[in-house]
Amino acid sequence: METVFVYEHLCAGGEAGAPEEAELMPQGQAMRDAIVIDLLAAGYAVSAATCARAAGCPPGAQPVEPRAGEPLASFVARVSQAHDWTWVVAPESGGCL
């Protein structure tokens, strides 16, 4: 079975403490969860980025979190190596994408 890592920036802990985090987190989770649910239905094994501020992952997905102090780019690089595919959802602002 092919594996997919789904990374959504806010769900992984990006923009922690930013004024827009509370407003944007539900949108980020909705995007992440829709992708995860579709991939699970298509027969993939899915890992999804999450953090303490994000709601859990959809049932059937493996939650993965950055290590303490790990930069998010390093987190994505590390976890991607253990998967066949990586699906990144990132903000288009602030140079993050």
Side-chain angles (χ1 to χ4, degrees):
M1 177 181 302
E2 288 189 290
T3 59
V4 182
F5 169 48
V6 178
Y7 172 87
E8 194 286 319
H9 186 67
L10 292 170
C11 292
E15 310 307 318
E20 63 274 5
E21 179 191 18
E23 178 185 343
L24 295 177
M25 180 67 83
Q27 295 171 23
Q29 288 176 200
M31 286 187 286
R32 179 200 65 186
D33 292 354
I35 293 166
V36 168
I37 289 166
D38 285 350
L39 288 168
L40 289 168
Y44 291 93
V46 181
S47 298
T50 194
C51 72
R53 292 181 318 284
C57 296
Q62 176 67 41
V64 289
E65 294 186 33
R67 296 175 179 150
E70 182 177 31
L72 292 177
S74 298
F75 167 62
V76 172
R78 175 177 58 84
V79 177
S80 292
Q81 294 300 309
H83 294 79
D84 296 307
W85 302 97
T86 299
W87 193 317
V88 176
V89 180
E92 296 175 3
S93 60
C96 182
L97 183 59

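This chain uses plain numbering: 1 for the first residue, then up along the sequence.
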Under a 4.5 Å side-chain heavy-atom rule over Ile, Leu, Val, Met, Phe, Trp and Tyr, are V79 and Y7 clustered together?
-> yes
CG-CE distance between D84 and M1, expressed to the nearest 0.5 angstrom | 11.0 Å
Q29 side chain to P26 backbone, donor-acceptor under 3.5 Å | no
Any idea which heavy atoms bring A61 and L40 closest together, and the distance?
-> N-CD1, 4.0 Å
Just how far is it from atom CG of L24 to atom CE of M31, taken to the nearest 0.5 Å?
-> 8.5 Å
Find the distance between CE (M25) and CZ (R53) and round it off to the nearest 0.5 Å.
-> 5.5 Å
Does F75 have its ring centroid less than 6.0 Å away from the ring centroid of F5?
-> yes
Any idea which heavy atoms bring L72 and G13 closest together, and the distance?
-> CD1-C, 4.1 Å
Going through the distances and angles, do V89 and I35 end up as a side chain to side chain contact (heavy atoms under 4.5 Å, CB included)?
-> CA-CA 10 Å; V89 180; I35 293 166; 3.6 Å; yes
For the residue pair T50 and E65, what are the closest heavy atoms and their distance?
-> O-CG, 3.2 Å
Counterpart residues, side chain to side chain donor-acceptor pair (under 3.5 Å), relative to E2 (two or more places apart) | W85
For A49 and A12 the tightest heavy-atom approach is CB-CB, 3.8 Å
For the residue pair A48 and R32, what are the closest heavy atoms and their distance?
-> CB-CD, 4.1 Å
Under 3.5 Å, side chain of S80 to main-chain N/O of V76, donor-acceptor pair present?
-> yes
d(S47 OG, H83 NE2) to nearest 0.5 Å is 3.0 Å
Smallest heavy-atom separation, G14 atom then L10 atom, equals O-CD2, 3.3 Å
Find out whether T3 and V46 are in side-chain contact, i.e. whether some heavy atom of one side chain is under 4.5 Å from a heavy atom of the other.
-> no
